[in-house]
Visitor: 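Sharing a structure below in structure tokens format, with a few things to ask.
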Amino acid sequence: MTVSTEMNQTVAGTGDLLKKWTEAGRSYFQFQAENIPFRFAVSSAEYQKKSINYKGIIINILYQKNHFENVEHLLHNAKLTLDYCRQNFGPYPFKTITFAEISSFTRGFAATAYPSAIFMPEDMVFHANIHADRKQDVINELAGHELSHLWWGNSQISPDDREGSVMLTETLAMYTEMMLYKKMHGKKQMMERIQVHQQIYDNEKGLSENVPIYRATGDVPHISYSKGAVAMVKLSDLIGEEKVNTALKNFLRNNSYPKKPVSLDLLNEFYKVSPDQKTREQIDRLFKTTENKPLIHDVQKNSVAVQASVPIDSF
Ligand SMILES: [Zn+2]
């Protein structure tokens, strides 16, 4: 992708930046991305840039000059996510990762991950008062969720477009988000987020046909996101975080793009790390039925107010 823009602006594009130059009073940027399903996005603005080399990966943060207050926190969470995903799932597929601020006038957009670029709106991340709600760290959630998409769908994983595809995109991103929330804020706080997701699911589930996670579609995000997060955390209680991550690493290795995996391929990897029949039946109950037993032993049911503000991204 080659993009030209006004002389004083910087472009955030899809893939690694190969080169930039100026010509006839304009700035040019050239990007390349390999071995990924075709998707692209681009933004251009008079960005400020914070850039660091973290263990061989360049992390760029492009932000509006006045919106500097959360840059460090975002950077910190980007490092945490890179560490967790590289250690547990496999190598990061690009040389750089760029977080670019976009206008909050962009309607219906929470944040979206593209190959090596994550676009985030000013009002949710860059110019948000993250200290207003002590029960939610939206930057931690979004950084963990969005950056993890670079391992899952639709990046290294390109799910077959049928029922259950969102389990390979959103449910896996929600799981990673939760594990990173736990890393930064502790298990108790993570379980409070899970309780919020349980409530979102309970509120929404009567409004459309209730299907199990392995058959969910993008039309019912409360299943792939919220129930998916709850089920994955239950799974990590059942077999342990380490085994879940082993299964996910194997899933990625066996199904990466250009393969077209389905949700059953992921369930197969869960079965493989769960030797006994009883555990496999419990896994089926989580993902292949609409059973909805209350979980969560260590959080009181009324301790969390229902919030409608859990971000739903586009991918
Ligand atoms: Zn997502």
Side-chain angles (χ1 to χ4, degrees), residues 1-79 81-82 86 91-128 139 142-143 146-151 153-156 158 256-258 313-315:
M1 172 200 288
T2 304
V3 188
S4 82
T5 187
E6 289 183 21
M7 196 70 175
N8 57 347
Q9 294 199 12
T10 303
V11 170
T14 313
D16 288 320
L17 181 66
L18 289 188
K19 57 178 176 170
K20 57 180 180 184
W21 69 96
T22 55
E23 195 180 308
R26 291 179 68 78
S27 294
Y28 282 75
F29 299 79
Q30 193 173 79
F31 302 89
Q32 189 169 349
E34 303 211 40
N35 299 319
I36 48 134
F38 177 74
R39 313 174 57 222
F40 78 94
V42 66
S43 71
S44 174
E46 288 176 34
Y47 283 122
Q48 298 289 303
K49 181 171 166 182
K50 168 115 193 175
S51 203
I52 62 157
N53 183 330
Y54 184 65
K55 300 180 184 173
I57 308 283
I58 308 291
I59 305 175
N60 297 315
I61 306 209
L62 298 176
Y63 60 100
Q64 157 104 18
K65 189 171 68 189
N66 297 333
H67 298 171
F68 53 84
E69 56 266 49
N70 297 330
V71 167
E72 283 304 320
H73 189 50
L74 177 56
L75 198 58
H76 182 52
N77 278 293
K79 290 181 194 168
T81 307
L82 278 177
R86 290 167 94 185
Y92 177 71
F94 302 98
K95 296 185 190 80
T96 57
I97 176 66
T98 299
F99 293 85
E101 178 174 4
I102 58 161
S103 163
S104 56
F105 292 115
T106 316
R107 283 263 182 130
F109 186 94
T112 303
Y114 286 86
S116 88
I118 293 167
F119 298 89
M120 295 174 146
E122 57 183 331
D123 54 339
M124 287 190 73
V125 173
F126 289 90
H127 196 43
I139 291 180
L142 280 177
E146 298 305 329
L147 187 45
S148 84
H149 271 304
L150 282 269
W151 277 262
N154 293 323
S155 190
Q156 296 187 60
S158 178
S256 60
Y257 178 82
D313 59 0
S314 312
F315 278 101

Visitor: side-chain contact (heavy atoms from CB on, under 4.5 Å), that's the test. Do F29 and T10 meet it? Break it down for me.
Guide: CA-CA 8 Å; F29 299 79; T10 303; 4.2 Å; yes

Visitor: What closest approach, in Å, do P121 and S104 show between heavy atoms, and which atom pair accounts for it?
Guide: CB-CA, 4.5 Å

Visitor: How far apart are the C-alpha atoms of F31 and S116, what are their side-chain angles, what is the distance that settles it, and do they pass the side-chain contact (heavy atoms from CB on, under 4.5 Å) test?
Guide: CA-CA 10 Å; F31 302 89; S116 88; over 6 Å; no

Visitor: Nearest 0.5 Å, what's the NZ-CD1 distance between K79 and I97?
Guide: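 Between K79 NZ and I97 CD1, I get 15.0 Å after rounding to 0.5 Å.
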
Visitor: Check step by step if side-chain contact (heavy atoms from CB on, under 4.5 Å) holds for I118 and M120.
Guide: CA-CA 6 Å; I118 293 167; M120 295 174 146; 3.9 Å; yes

Visitor: State the CH2-OG1 distance between W151 and T81, to the nearest 0.5 angstrom.
Guide: 8.0 Å

Visitor: So, the side chain of Y47 versus the backbone of E101: is there a donor-acceptor pair under 3.5 Å, distance only?
Guide: yes

Visitor: Roughly how far apart are N77 CG and F99 CZ, rounded to 0.5 Å?
Guide: 8.5 Å

Visitor: Apply the side chain to side chain donor-acceptor pair (under 3.5 Å) test between T96 and each candidate in D16, N60, N53; give the one that qualifies.
Guide: D16

Visitor: For the residue pair L82 and I57, establish whether any side-chain heavy-atom pair is separated by less than 4.5 Å.
Guide: yes

Visitor: How long is the span from the CG atom in D123 to the CD1 atom in I102, to the nearest 0.5 Å?
Guide: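 One finds 9.0 Å between CG of D123 and CD1 of I102.
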
Visitor: For H127, run the side chain to side chain donor-acceptor pair (under 3.5 Å) check against E69, E122, Q64 and tell me which one passes.
Guide: E69

Visitor: Hey, are Q32 and E34 close enough side-chain-wise for a donor-acceptor pair under 3.5 Å?
Guide: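 Result is yes, a qualifying pair exists.
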
Visitor: Nearest 0.5 angstrom please: I61 CD1 to K49 NZ, how far?
Guide: 11.5 Å

Visitor: Side-chain contact test, heavy atoms from C-beta onward, threshold under 4.5 Å: evaluate it for K95 versus I58 and give yes or no.
Guide: no

Visitor: May I ask you to check whether over 12 heavy atoms, not counting those of Y54, lie within 6.0 Å of atom OH?
Guide: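 Yes, enclosed.
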
Visitor: Quick one: is the NZ or CZ of R86 closer than 6.0 Å to the six-membered ring centre of Y92, and within 45° of its axis?
Guide: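 The answer is no; the distance or angle limit is not met.
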
Visitor: Treating S27 as the side-chain partner and M7 as the backbone partner, does any N or O pair qualify as donor plus acceptor under 3.5 Å?
Guide: yes

Visitor: So N154 and H149, side-chain contact (heavy atoms from CB on, under 4.5 Å) or not? Walk me through it.
Guide: CA-CA 7 Å; N154 293 323; H149 271 304; over 6 Å; no

Visitor: Run through L74, N70, L62 and flag the one making a side chain to side chain contact (heavy atoms under 4.5 Å, CB included) with F126.
Guide: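 Exactly one candidate clears the test, L74.
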
Visitor: Got L75 and I52 here, is their nearest side-chain heavy-atom distance under 4.5 Å?
Guide: yes

Visitor: If you round to the nearest 0.5 Å, how far is OG1 of T14 from CD1 of I36?
Guide: 7.5 Å

Visitor: Would you check, one step at a time, whether the test side-chain hydrogen bond (donor to acceptor under 3.5 Å, both in side chains) holds for Q156 with S256?
Guide: CA-CA 5 Å; Q156 296 187 60; S256 60; over 6 Å; no

Visitor: Answer whether the closest heavy-atom distance between the side chains of V3 and S44 falls below 4.5 Å.
Guide: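 They are not in side-chain contact.
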
Visitor: Counting distance only, does the side-chain N/O of E146 pair as donor-acceptor with the main-chain N or O of A113 below 3.5 Å?
Guide: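 Flag set: sc E146 to bb A113 pair under 3.5 Å.
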
Visitor: Using a 3.5 Å distance criterion without hydrogens, assess whether the side chain of R26 forms a donor-acceptor pair with backbone atoms of S4.
Guide: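 Side chain of R26 to backbone of S4, a donor-acceptor pair under 3.5 Å: yes, one is there.
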
Visitor: Determine all donor-acceptor pairs shorter than 3.5 Å in which one atom belongs to a side chain in residues 18-25; sequence neighbours excluded.
Guide:
unit_1, atom_1, unit_2, atom_2, d
W21, NE1, E23, OE1, 3.1

